[in-house]
Structures are given as structure tokens and as C-alpha cells.
Amino acid sequence: MAPQVVLVTGCSSGIGLSTARRLAQDPDQRYLVIATVIAMSEKAELVAAVGDAIDKTIFIKEMDITKDEDITRVVDDVITTHGGVDILINIAGIAVVGIPECVSRARIETIFNVNTIGTIRLTQAVLPHMKQKKAGKIISVTSVAGKQGVPYYDFYSASKFALEGFFESLLSTVKSFNIRVCLIEPTKVNTGMVTSVLSQLEAQSNDDTIHDIDRRQVRGLINAMKVTPGPSVDDVLDVLMTKCVQVDYPVFRHLVVLPEDKKALGEAVADLTGEKSVATIRMLIGAM
């Protein structure tokens with residue numbers, strides 16, 4: 001059987017890099033991986049990680065998902081060279097956090113262009129071919145923050161909520177074409193993104209031009225993030241592989257949280273008034 005062609009975004013580091021490596025190093029060589037990075041100058045860590053698999057089971061492509069011309073070029077090349085995209089895995093993303101009124105319009109547009117619009121545009125690009133052959137999988141890494149708003153992650157949460165809405169709507173129609181849609185929803189995973197988030201929050205907690213209440217709550221969030229464990233990159237990968245990639249008919253949503261957090265999150269999200277969710281989060285940041 002020919003290997004499945006898998007297009008993966010965000011492969012320069014973190015979950016994207018680890019996903020590309022695991023697929024490319026599959027002992028049975030079931031996958032041919034098209035791993036994308038925003039610029040070829042960002043590929044060094046991926047090249048080192050996959051070793052001899054380069055140009056055998058993995059090919060690295062430059063693609064900025066905020067640029068339609070990049071998306072068109074890469075998708076057209078994959079279809080021409082490899083016959084199509086069997087699985088699309090959307091992982092590329094960034095985090096912008098902080099006091100909401102302090103975040104500039106430019107930064108808001110950037111996070112939505114990467115996390116939401118770019119992911120949607122790439123999905124649009126692969127859909128015609130998947131519909132034509134009546135097969136395909138679209139897997140996207142969103143976040144628990146796309147199910148439950150997180151304080152000072154306002155724009156990150158909003159970008160992930162938007163993705164959840166898009167893919168839930170899409171799933172209902174593309175099932176008729178035998179196209180499956182999966183969301184992977186992890187809580188905090190220790191990658192470079194967490195380091196970036198903590199740096200942004202620390203800067204604001206030390207900014208004496210910001211209101212004392214906000215500064216206190218930001219410090220509460222920092223402390224909670226530092227002491228609260230979360231799933232590992234391997235935990236996320238195990239779910240992605242065993243529950244989505246390797247399953248013919250996967251279910252839609254896959255929470256990746258520690259067992260002790262799953263019940264509390266479920267209760268909060270199930271509360272139709274929203275008050276339980278807000279109360280849970282306010283406790284997290286020490287709000288009064």
C-alpha cells in the first residue's frame with residue numbers, strides 16, 4: 001500500500017516538529033510527510049531531528065500560512081508531485097497574551113492571521129481535492145483555551161474558539177464526502193510557546209503603569225502556570241496518532257488534559273449559565 005501523504009504545519013519546533021518526526025520515522029513507512037516551516041532558516045532543528053529520513057519519508061517546504069500565494073504553491077506542488085493530500089495536520093500557531101486593552105491592533109491581527117485565518121485558508125485549499133477523491137482527514141491542534149476562556153489569553157482564546165466553530169460547522173458537511181475532521185485540545189504543554197507566554201506575562205506584572213488589580217491577577221496566573229502540571233508533547237502525539245491518524249473513523253474532539261482536570265473542565269463547560277466556568281477561572285488567578 002502506498003504511504004499516506006501528510007501535510008503538517010508549524011514544524012520548526014514544539015508539537016509540529018515532534019509530529020513530523022514521528023510520522024517520518026514510522027517503522028513501517030506508512031507516511032510521506034510534507035513538513036512546512038515559515039522560512040527555510042527555521043528548519044535546522046527539524047533536519048537534525050529527522051536525520052536520514054530527509055527527502056525519503058519527509059520533505060521540508062517553506063510556507064507562511066498568512067500568505068495565500070504560499071498556501072497555493074505548496075498545496076499545488078504536493079498534489080502534482082505526490083497525487084494529493086491524504087491528511088492535513090494544522091499545528092502552526094502563536095500566543096499573544098496580556099492586558100487586553102494593551103494589545104495593539106497589529107498584534108491582534110497577527111494572532112488571528114496565523115491561528116485562525118491561515119489555518120482556515122489552508123483547509124480551504126485542500127478541500128477540493130479531498131472532495132473529488134471522497135477521502136481525507138483534517139486534524140487541527142486547537143486548545144482547551146478554545147473551549148474555556150482563559151484570563152489574559154483573550155485573543156489566543158478567541159482565535160481558538162473561532163477555529164472550533166469553523167471545524168464543527170465543516171464536519172457536518174464534509175462527512176458526506178468521507179472526509180473526517182479531528183480537533184486535538186490540549187491544556188498547557190511545555191513547549192517554547194509556554195516560555196514566550198510567561199515572558200510576556202512577567203513583563204506586564206512588573207509594569208507599574210498597569211492597574212494593581214490586573215498586575216495581581218497576572219501574577220496569580222503566572223504562579224498557577226508554574227505549579228500546574230500539564231500533558232507532555234508525547235501525550236499530545238499519542239492522542240493525535242492513536243485517536244486520529246491511525247483510526248478510519250475518528251471522533252471529532254479529543255481533550256488532552258490530566259485525568260484530575262477532565263472532570264472539573266467538563267462540569268464547567270457543561271454549565272449553561274457560564275458562571276461555573278468563570279468562577280473556576282477566577283479562582284485560578286486569585287481574583288477577589
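Computed over heavy atoms, backbone and side chain alike; hydrogens, waters and symmetry mates excluded.
- Phe177 is linked by a side-chain contact (heavy atoms from CB on, under 4.5 Å) to Lys131, Ile179, counting only residues two or more places apart in sequence or in another chain.
- Side-chain N or O atoms of Asn115 include one that pairs as donor or acceptor with a backbone N or O of Ile94 at under 3.5 Å.
- Looking only at atom types and distance, the side chain of Tyr152 has no donor-acceptor partner in the side chain of Gln204 under 3.5 Å away.
- The number of heavy-atom neighbours closer than 6.0 Å to CG of Asp55, taken from other residues, nucleotides and ligands shown, is above 12.
- For Phe155, there are no ring pair (Phe, Tyr, Trp, His ring centres under 6.0 Å) partners two or more places apart in sequence or in a different chain.
- Using a 4.0 Å cut-off between charged side-chain N and carboxylate O, Glu109 and Arg105 make a salt bridge.
- Considering only residues two or more places apart in sequence or on other chains, Gln132 meets the side-chain contact (heavy atoms from CB on, under 4.5 Å) condition with His129.
- Evaluation of the side-chain hydrogen bond (donor to acceptor under 3.5 Å, both in side chains) rule for Ser143 yields no partner, not counting sequence neighbours.
- Applying the side-chain hydrogen bond (donor to acceptor under 3.5 Å, both in side chains) criterion to Glu45, with sequence neighbours excluded, gives no partner residue.
- When the options Thr142, Leu183, Thr123 are evaluated for a side-chain contact (heavy atoms from CB on, under 4.5 Å) with Asn90, the one that passes is Thr123.
- Not counting sequence neighbours, the partners of Asp86 by the side-chain hydrogen bond (donor to acceptor under 3.5 Å, both in side chains) test are Lys133.
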For residues 236-248, which side-chain donor-acceptor pairs fall under 3.5 Å, sequence neighbours excluded?
from: Asp238; atom 1: OD1; to: Arg22; atom 2: NH1; distance (Å): 2.7
from: Asp238; atom 1: OD1; to: Arg22; atom 2: NH2; distance (Å): 3.4
from: Thr242; atom 1: OG1; to: Asp238; atom 2: O; distance (Å): 2.6

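- Partners of Arg107 by side-chain hydrogen bond (donor to acceptor under 3.5 Å, both in side chains), not counting sequence neighbours, listed by chain and number: Gln200.
- Proximity of a side-chain donor or acceptor of Thr57 to a complementary backbone N or O of Ala24 within less than 3.5 Å is detected.
- With sequence neighbours excluded, the residues forming a side-chain contact (heavy atoms from CB on, under 4.5 Å) with Ser12 are Val37, Glu42, listed by chain and number.
- Applying the ring pair (Phe, Tyr, Trp, His ring centres under 6.0 Å) test to pairs two or more places apart or on separate chains, those with a residue in residues 28-61 are Phe59-His82.
- For Gln29, the CD atom counts as loosely surrounded, since its 6.0 Å shell holds 12 or fewer non-hydrogen atoms of other residues, nucleotides or ligands.
- Sorted by first and then second residue, the salt bridge (Lys or Arg N to Asp or Glu O under 4.0 Å) pairs involving residues 184-194 (not counting sequence neighbours) are Glu185-Arg253.
- For Arg219, the side-chain contact (heavy atoms from CB on, under 4.5 Å) partners two or more places apart in sequence, or in a different chain, are Ser205, Arg215, Arg216.
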